[in-house]
2 protein chains.
Amino acid sequence: MGITKSQIFTEQQNDLAQFFKVLGHPARVAILQYISNQNACICNDLVEEIGLAQATISQHLKELKSIGLLNGEVEGKSMCYCINVERWTYLQNRLNAFFNTTKSNCC
Amino acid sequence: MGITKSQIFTEQQNDLAQFFKVLGHPARVAILQYISNQNACICNDLVEEIGLAQATISQHLKELKSIGLLNGEVEGKSMCYCINVERWTYLQNRLNAFFNTTKSNCC
DNA sequence: AATTAACATCGTAATATTGCAATATTAAAA
DNA sequence: TTTTAATATTGCAATATTACGATGTTAATT
C-alpha cells in the first residue's frame, strides 16, 4: 500500500519518526554538514557541492524546513539557509530522550 | 526516479542516513519502545500490541535487524527479539557526534 | 504422524520518494 | 525595461516503501 497507518500510533511516535525520516537521506545529511561548515549558505553552492540538480536540492531543503531545522532568509537574488539552532538542540534532546528511555531488559 | 544517488555521498553520510531512515517509521519506533518495556519479547505480542498484520511486523523487525539494533533468538516456537545494547549505544553516540559537529555559524 | 502455533517469505497492490527537465517567479543588473 | 541570476514549483518517470493475504517453514503438542 505504501501508506503508513499513522492513526494507530501516538503523536509522539509519529513525529519522532518524522524527524528521523527527514534526516534519513544522505543528501540531507550532506546539506546540513555543508551549511555548518560555511559562514553563509547559498543554495547554488549546494548544487555544485553536492552534485544533484537544482530542483532536487531545492526539494531536499524544503523537507529540512518542514521539520523546522532550517531558516531561510532572502538575500537579494539568493537565499541564505541556516540551521535553526534552537530547533537543532530540541531535536537532539528529543532523540537522546528516546535513546535513553528505550533500554533493553532481556536476553 | 526513486533511487538515491548513494555514490555521490561519503560512506559515513550514507550509513548515518540509513540509521535515521530505519528509525523513521512510527511502527519501528513503537516496536523498540515496546521491546524496552518488556522483559521478553515475542513477535506475536507485537502483532496485537501494534495493530499491524503479522507479515508487516515481521518486515519491520527485519529492517531493525538490518542495522544491527535487534538480536533475535529462537525460543522453541517463538522468537525472542532484544535490543542489542552495544549497537544501541554506538548509534546514540554516532547521532550525537553528528548533532555536535554540525553547528550553525551564520545568520 | 497429524496438528497447531509462531514466525518468515513471497507476491502484489497502493502509495511515497527521488530526481530531473521544463517552466515559473523574483530581484538585481545592464 | 530587458536581461540575467538564483531559486521555487510543476509534471513526470523510475524506483522504493508500506501493508497484507497466501503460503512456506519449523518446532512443540496431541
Side-chain angles (χ1 to χ4, degrees), chain A residues 1-9 13-14 17-31 34-35 38 40-67 70-82, chain B residues 1-9 13-14 17-31 34-35 38 40-67 70-82:
Chain A
M1 305 191 168
I3 192 169
T4 296
K5 286 186 154 182
S6 310
Q7 71 288 0
I8 67 175
F9 303 105
Q13 288 167 337
N14 281 315
Q18 182 60 25
F19 293 145
F20 279 126
K21 190 175 181 180
V22 170
L23 294 172
H25 191 289
R28 296 193 284 268
V29 168
I31 286 170
Y34 181 72
I35 292 182
Q38 305 298 114
C41 166
I42 284 152
C43 183
N44 214 38
D45 294 356
L46 286 170
V47 176
E48 288 173 26
E49 180 68 20
I50 312 249
L52 289 170
Q54 181 267 322
T56 308
I57 295 290
S58 190
Q59 214 171 251
H60 284 304
L61 288 169
K62 193 177 175 184
E63 292 191 64
L64 288 166
K65 271 188 285 183
S66 79
I67 57 165
L70 289 186
N71 290 333
E73 267 183 62
V74 178
E75 274 199 2
K77 284 188 292 194
S78 303
M79 285 294 296
C80 176
Y81 277 114
C82 305
Chain B
M1 305 194 170
I3 191 167
T4 296
K5 286 186 152 182
S6 311
Q7 71 287 3
I8 68 175
F9 304 105
Q13 288 167 337
N14 281 315
Q18 182 59 25
F19 292 145
F20 279 126
K21 190 175 182 181
V22 169
L23 294 172
H25 192 289
R28 295 192 285 268
V29 168
I31 285 171
Y34 181 73
I35 291 182
Q38 304 299 114
C41 166
I42 285 151
C43 182
N44 214 38
D45 294 355
L46 285 170
V47 175
E48 288 173 25
E49 179 69 18
I50 311 248
L52 290 169
Q54 181 266 322
T56 308
I57 295 290
S58 191
Q59 215 172 248
H60 284 303
L61 288 168
K62 193 177 174 183
E63 292 192 60
L64 288 167
K65 269 187 287 181
S66 78
I67 56 165
L70 289 186
N71 290 333
E73 267 182 63
V74 178
E75 274 200 1
K77 284 188 291 194
S78 303
M79 284 293 297
C80 176
Y81 278 113
C82 304

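Convention: sequence-line order gives letters A, B, ...; per-chain numbering from 1. Since we're looking at a predicted model, the values are computed, not measured.
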Measure CG/A/Leu61 against C1'/D/dA6 and give the value in whole Å, please.
13 Å
When all nucleic acid strands are considered with a 4.0 Å heavy-atom cut-off, which category describes B/Ser58: base, sugar-phosphate, or nothing?
base
Side-chain donor/acceptor pairs under 3.5 Å, residues 43-66 of chain B, sequence neighbours excluded:
unit_1: B/His60; atom_1: ND1; unit_2: B/Arg28; atom_2: NH1; d: 2.9
unit_1: B/Glu63; atom_1: OE2; unit_2: B/Arg28; atom_2: NH1; d: 3.2
unit_1: B/Lys65; atom_1: NZ; unit_2: B/Tyr81; atom_2: OH; d: 2.9
unit_1: B/Ser66; atom_1: OG; unit_2: B/Glu63; atom_2: O; d: 2.6

When you measure from the side chain of B/Lys5, which nucleotide among D/dT9, C/dG19, C/dA8 comes out closest?
C/dG19
Are any of the side-chain heavy atoms of A/Ile35 and A/Leu70 separated by less than 4.5 Å?
yes
Measure the spacing between SG of B/Cys82 and CG of B/Asn71 and express it to the nearest 0.5 Å.
7.0 Å
Within residues 17-27 of chain A, which residues have any heavy atom lying less than 4.0 Å from an atom of DNA chain C?
A/Lys21, A/His25
For the pair made of CD1 in B/Ile3 and P in C/dC20, what is the distance, rounded to whole Å?
11 Å
Roughly how many Å is it from CD in B/Glu73 to P in D/dT26, rounded to a whole number?
19 Å
Whole-Å distance separating the CD1 atom of B/Ile8 from the C1' atom of C/dG19
10 Å
OP1, OP2 of D/dA6 versus side-chain N and O of A/Tyr81: anything below 4.0 Å?
no
Are B/His60 and D/dT17 close enough that a side-chain N or O sits under 4.0 Å from OP1 or OP2?
no
Close side-chain approach of B/Pro26 and A/Thr4, heavy atoms under 4.5 Å:
yes
Sugar-phosphate or base contact per nucleotide [nucleotides 24-30 of chain C; S, B, -; heavy atom under 4.0 Å]:
---BS--
Could you check which residues of residues 43-57 of chain B get a heavy atom under 4.0 Å from DNA chain C? Sort them by number, please.
B/Cys43, B/Asn44, B/Gln54, B/Ala55
Between D/dT18 (P) and A/Asn14 (CG): distance, integer Å:
13 Å
Between B/His25 and A/Phe9, what is the ring plane arrangement, given parallel below 30°, perpendicular above 60°, and tilted in between?
perpendicular
Rounded to the Å, how far apart are B/Ile42 CD1 and D/dT26 P?
20 Å
In this structure, how many angstroms lie between the C1' atom of D/dT18 and the CZ atom of B/Arg28, rounded?
9 Å
What residues, two or more places apart in sequence or in another chain, satisfy side chain to side chain contact (heavy atoms under 4.5 Å, CB included) together with A/Ser78?
A/Ile42
The reported gap from CD in B/Glu73 to SG in B/Cys80 (rounded to nearest 0.5 angstrom) is 6.0 Å
